[in-house]
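Step one of this worksheet: look at the structure below.
Here the structure is a predicted model, which is why all the values come from computation and not from measurement. Excluded from the calculations below are hydrogen atoms, water molecules and symmetry mates; all remaining heavy atoms, backbone and side chain alike, are included. Every chain is numbered from 1 and lettered A, B, ... according to where its sequence line falls, protein lines coming before strand lines.
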Amino acid sequence: MKIKSLIIFLVISSFFLTCILSIWKIMSTLQGLSFTNLNTTSVFLIGILLSLVFVLIGKRINHLIKIFSLSFLFSILYFYLNEASPYWYIFGVFLITLFFTNKLKKYSMQSLKEDFISEKIIFDFITLFGIVFFAFVILFPFYIMLVTSFKTQIALLVNPLDFSLDFTKSLTELFKSYFVIFKTYNFGRYILISSAVSIGTVIVTLLFAIPAAYAVARLNFFGKNFLSTSILIIYMFPAIVLVIPLYTLFSQLGLRNSIFGLLIVYTATTLPVAIYMLQGYFKSIPKEIEDAGIMDGQNWFGIILKIIIPLSLPAIASVALYVFMIAWNEFLFSLMFLDSPKSFTLSRAIQYLSGDAETPRQYLMAGSVIVTLPVLFIFIYFEKYLVSGLTAGSVKE
Amino acid sequence: MSVSLSKLEKRTAYTLVLPAVLLVFAIVLFPIFANVWISFKDIELKDIRIPEPRAKKIVKSISENESELKVIYKLRNSSLIQEIRNVQFQDKFPKNISPIDLDQRCNFKSKKIICDFGNWEAKYRENFEVIIKNTNDEKIDKKIIKSRKPILSGTANNPLLTTNFTLKNFKKVFYENNFVELLLTTFYFTFFGTVGAIIFGILAAQLVNQNIQGRTYMRGILLFPYVGPVVALAYTWTLLLDPNSGTLNALLVNFNIIEKPINLLGQKYITMSILGFEFKLRLALTTVIFFEIWRYFPLAFLFILARLQAIPQSLYEAADVDGASPIQKFIHITLPQITAIISILFMIRFIWNFNKFEDIFLLTGGASGTRTLPINVYQQGFAVSDIGMGSAVSIVIVMLLLSFMIIYFRLIGKKANED
């Protein structure tokens, strides 16, 4: 039993170490190091050795001394078994091993005797592996987007793996793609249009949604139930089936290529979810507060303005952020309705840029960074509000 | 008293709700009905403009006599299918200029030629000529004549509002459009995209739900693909997967994992052999599905995580006392608690993936076997510019969606009754 859990422990832990070291190697390759072999077998074997020595030593020496000396020995071994590599790379290996051996802290020959220890080991390492895996898979494309915008097309065609940044170059040289897309491709204008459309959508949506949500949450009227169920069904209906009729209608009304037309469509498509989110929150406000307002002789306008809105600012903020994000990221309608560069939004402008095969990729990526950064910043800064918005934004139980 | 109060309440409610309802009706519900109408019409992109009479003015000199000029108006009906009724024509000239031998349909009054051209059938064309003469026998300035534009007017039916209907579009959708393949591709994409997103969502939620350091950061990072703009992400992936100088292929070739680059987004099939069995994999479609999973598993993750965090900790403690293993805990405690949210997620994601347009459009444009129904709507309506056909495909989508919803609610309703 103990042998079995020992073997599982060695294999799983070493597998995990091999994975992080491979990721480290891949990331270093992208900095221009010319590795051609991942050496997984030898790393795996010395990983097993490392884990074995770790549990054999157990608690005989101080944990800190143990992990430092073991990581140091491992790094030296790694250095000799591997292709020639610079010292910073080996230092990275050392730090990774340090992190890894620190994670092994709770394992010793004694702990391998516990119940279900093999399952626990598997779960532990799958968790660690999962975190590294998810973080890598998600962040890698964003990383590529960012670094490509600082490179040049020619350099990337010569060596598609060298993403190292040349900091000896001047800042204007380094940020050249950004200067070009602002100067030559007019991105300043597109940022303005995108912001105007998104902020406009937020304001108009709130103007329409707050009264409607209040009515649905508080007042009794014929067709209320029908309305609240149809809100969700409408939300489920796809944009793609609206495109042809709206395109013909907007062509005949001359609303294509107009920011106003885009704003109407965005408002109408985000209204159902905004009403749904807000009415849920309005219902949670105690009715007594409103009754007090009615006693004071407020009409519905006063009640909404002076009682409901101040009390539900967090919910309004999350709706506003959610709607802003939808409008900022929206692509289908801007593709359909805008065909003059005068009225492009950022997304549409990037798509237009990519339509020309001659456009160097660093410009495309610089544009992508510009359209992505604001949403990511907003998201990180207001994560709390946005997460509750996202969760409520889709159907709740 | 109470009657009037409830009346007042109703009136207030309608005032509050009406603007939102009207807007949503105009932009969301009306187009769905309009689709039905358009899908029964034989109409193309160029026909959606209301027909109008047009004239191109050409000024020519005749012989050496500079006091006479020939003005040619190239008249035409802008529409190829619609007639224009009661076309009126007007062109103004400088003083001292008058026409010679004016057409019978026209007359000259206060420096203007005014004509009544009657009805123009579809595709109507005419070269209408007028010879003008300066009454003072002086030279006429061509430029001045040319700079004045004739004014035309006429009444025409809006081609969208005519009542000639046809079943042609639907026949084409079902018989000339590779309908079965289209449907299968859509279902592959939808089903695997949905299931994959949910599976990865469960895994990620399990990870983040444990007591690990920095789990709030992890939750934030996991949502990046979902909150990022689709255009930026799709182009980044296209670059990443590019066969010629894309990072992924370059890495795989560099580490000798593959011999030569694979065109992940541009190749329809790839032959794989596993255990001696050879089979063909829809390569581009699989790649697009993976992108879809990458982008939308965060939503599943968020919902499942919220549910996981609501499971009372005492359940797990009790299981520990009973000596349950981690796998048993997952199967007997966690899984039953999240089935409800998974079934809802499945429906939402299924419907949304079924309608997904942007992702596929930006990655492959619908080429290499990734043509789904929404892509087909765009291709028919705007690439082939057959609006009627595009609408017919939209109708098929709406019909399928409605049947999914009915099936789903039947199943869920049954389950709710049994519980």
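- Under the 30°/60° scheme for interplanar angles, the aromatic rings of Phe142(A) and Phe224(B) are found to stand perpendicular.
- At a 4.5 Å heavy-atom cutoff, Leu248(B) makes no contact with chain A through either its backbone or its side chain.
- When each of Leu139(A), Leu346(A), Val243(A) is checked for heavy-atom pairs under 4.5 Å with chain B, Leu139(A) comes out on top.
- Listed by sequence position, Ala13(B), Tyr14(B), Leu16(B), Val17(B), Pro19(B), Ala20(B) are the residues of residues 13-20 of chain B in contact with chain A, using a 4.5 angstrom heavy-atom cutoff.
- Legend: residues meeting salt bridge (Lys or Arg N to Asp or Glu O under 4.0 Å) with Asp322(B), ordered by chain and number and at least two apart, are absent.
- Only the side chain of Leu29(B) comes within contact range of chain A, with heavy atoms under 4.5 Å apart.
- Only the side chain of Ile351(B) comes within contact range of chain A, judged by heavy atoms closer than 4.5 Å.
- Only the side chain of Val21(B) has a heavy atom closer than 4.5 Å to any heavy atom of chain A.
- With respect to chain A, the highest number of heavy-atom pairs below 4.5 Å among Val208(B), Leu239(B), Thr216(B) belongs to Leu239(B).
- By the 4.5 Å heavy-atom criterion applied to side chains, Pro141(A) and Leu233(B) are not counted as neighbours.
- A 4.5 Å side-chain heavy-atom check between Val137(A) and Trp294(B) finds at least one atom pair inside the cut-off.
- Contact of Ile327(B) with chain A is made through backbone and side chain together, with heavy-atom distances under 4.5 Å.
- For the atom pair CZ (Phe331(A)) and CG (Asp359(B)), the distance works out to 10.0 Å, reported to the nearest 0.5 Å.
- The CG atom of Leu207(B) sits 5.5 Å away from atom CD1 of Ile131(A), with the distance rounded to the nearest 0.5 Å.
- Between Met145(A) and Tyr235(B), the closest side-chain pair of non-hydrogen atoms is not below 4.5 Å.
- Taking chain A as the reference chain and counting heavy-atom pairs below 4.5 Å, the highest number among Pro298(B), Ala232(B), Ser391(B) is found for Ala232(B).
- Phe301(B) and Phe134(A) have their aromatic ring centers separated by at least 6.0 angstrom.
- Evaluation of the salt bridge (Lys or Arg N to Asp or Glu O under 4.0 Å) rule for Lys25(A) yields Glu83(A) as partners, not counting sequence neighbours.
- At a 4.5 Å heavy-atom cutoff, Tyr217(B) makes no contact with chain A through either its backbone or its side chain.
- In this structure, chain A has heavy atoms under 4.5 Å from both the backbone and the side chain of Phe200(B).
- In this structure, the portions of Leu251(B) lying under 4.5 Å from any heavy atom of chain A include both its backbone and its side chain.
- Note on residues 362-374 of chain A: no pairs pass side-chain hydrogen bond (donor to acceptor under 3.5 Å, both in side chains), not counting sequence neighbours.
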